[in-house]
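The model shown is predicted, which means the values in this text are computed figures rather than measured ones.
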Amino acid sequence: MGRGKVEMKRIENKINRQVTFSKRRTGLLKKAHEISVLCDAEVALLGFSPKGKLFQYSTDSCMERILERYDRYSYSNRQLGPSDLTTYGSWALEKAKLNARLEVLQKNLKHYDGEDLDTCSLKELQSLEQQLDSALKHIRSKRNQMMHQSVTALQKRAKSIQDQNNVLEKNVKEKEKEKEKEKTLASQQHSTYINATMSTLNIGGSNVYQPRRGEEEIGREMPSWMRPAED
């Protein structure tokens, strides 16, 4: 005798309802697994028992990814036309990747600041310590490099200023030497002029008789007829 047709309505007996739920749940999970294997499909199955207990099945334990995909395509079906589904799906997937990456970076940033470390395991703390040590070494190396470059630039600038000072000092000394030469030459020219003038005066006055004082006194004492005639 074959099994009779079951009427599709709520089973009033609690025991029978629970037994039927367990049997049908097992069969439903079996069918979901079969279709995923036979057809290479991604299947996600969610259910709650009459007591509110959750049971689920997902292909390769990727329930979150399948639900994300469902939300993405469900939204695209509501907002976009059929020709835009593929484009929107790729952008939505990229957005999900970027959001996940952003969340990881924000979490790492908090860890680097010493926040939210209570949730980290010992291995994660050791890895974080190594990352900070490596970053600190890199920072110190960069600082030393910049300081060396700064010192080198200052040394070059100081050498350039010293060279300019040397050139200016050389020019000042050369100008002082030129002034000394001009002064010496002027002094020599003045002395030559004085000597030449004196020589001219001596030569020009040698033909004029200029009696000495003693001769003038003797001349006054001599008689008039003995004095030399005056011009």
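Other residues, nucleotides and ligands contribute more than 12 heavy atoms inside 6.0 Å of the CG atom of L102. Within a 6.0 Å sphere centred on CG of D40, other residues, nucleotides and ligands contribute 12 heavy atoms or fewer. Counting heavy atoms of neighbouring residues, nucleotides and ligands inside a 6.0 Å radius, atom CZ of R140 does not exceed 12 of them.
Side chains of T152 and H148 form a contact here, defined as non-hydrogen atoms less than 4.5 Å apart. Between E34 and K31 there is a side-chain heavy-atom pair separated by less than 4.5 Å.
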### Message
As a quick check of understanding, evaluate side chain to side chain contact (heavy atoms under 4.5 Å, CB included) for L109 and L105, giving each step before the final call.
### Response
CA-CA 6 Å; L109 183 60; L105 292 176; over 6 Å; no

### Residues K179, E176; criterion side chain to side chain contact (heavy atoms under 4.5 Å, CB included); working and verdict
CA-CA 5 Å; K179 288 182 179 179; E176 289 179 352; 5.6 Å; no

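Panel note: side chain S187, backbone K183; no donor-acceptor pair is recorded below 3.5 Å. Side chain of N13 to main chain of I15: a donor-acceptor pair is present (N/O by atom type, distance under 3.5 Å, no hydrogens or angles). Remark: the backbone N or O of N16 is paired with a side-chain donor or acceptor of T20 at under 3.5 angstrom.
In this structure, L125 is a member of the same hydrophobic cluster as L132, with clusters built from ILVMFWY side-chain heavy atoms closer than 4.5 Å.
Listed by chain and number, the residues in a side-chain contact (heavy atoms from CB on, under 4.5 Å) with S150 are L154 (sequence neighbours excluded). For E174, the side-chain contact (heavy atoms from CB on, under 4.5 Å) partners two or more places apart in sequence, or in a different chain, are K170, N171. Not counting sequence neighbours, the partners of K159 by the salt bridge (Lys or Arg N to Asp or Glu O under 4.0 Å) test are D163.
Within the model, atoms NZ of K110 and CG of D113 stand 10.0 Å from one another, a figure rounded to the nearest 0.5 Å. Of the inter-residue distances, the one linking H33 atom NE2 with L28 atom CG reads 13.5 Å to the nearest 0.5 angstrom. How far CD of Q189 is from CG of L185: 4.0 Å, rounded to the nearest 0.5 Å. Between the CD atom of Q155 and the CZ atom of R157 there is a distance of 13.5 Å, given to the nearest 0.5 Å. Note that the CD atom of Q130 and the OG atom of S134 stand 9.5 Å from one another [nearest 0.5 Å]. The line from CD of E12 to CZ of R17 is 7.0 Å long, rounded to the nearest 0.5 Å.
Among all heavy-atom pairs drawn from T59 and V43, the shortest one is OG1-N, 2.7 Å.
Looking only at atom types and distance, the side chain of E169 has no donor-acceptor partner in the side chain of N165 under 3.5 Å away.
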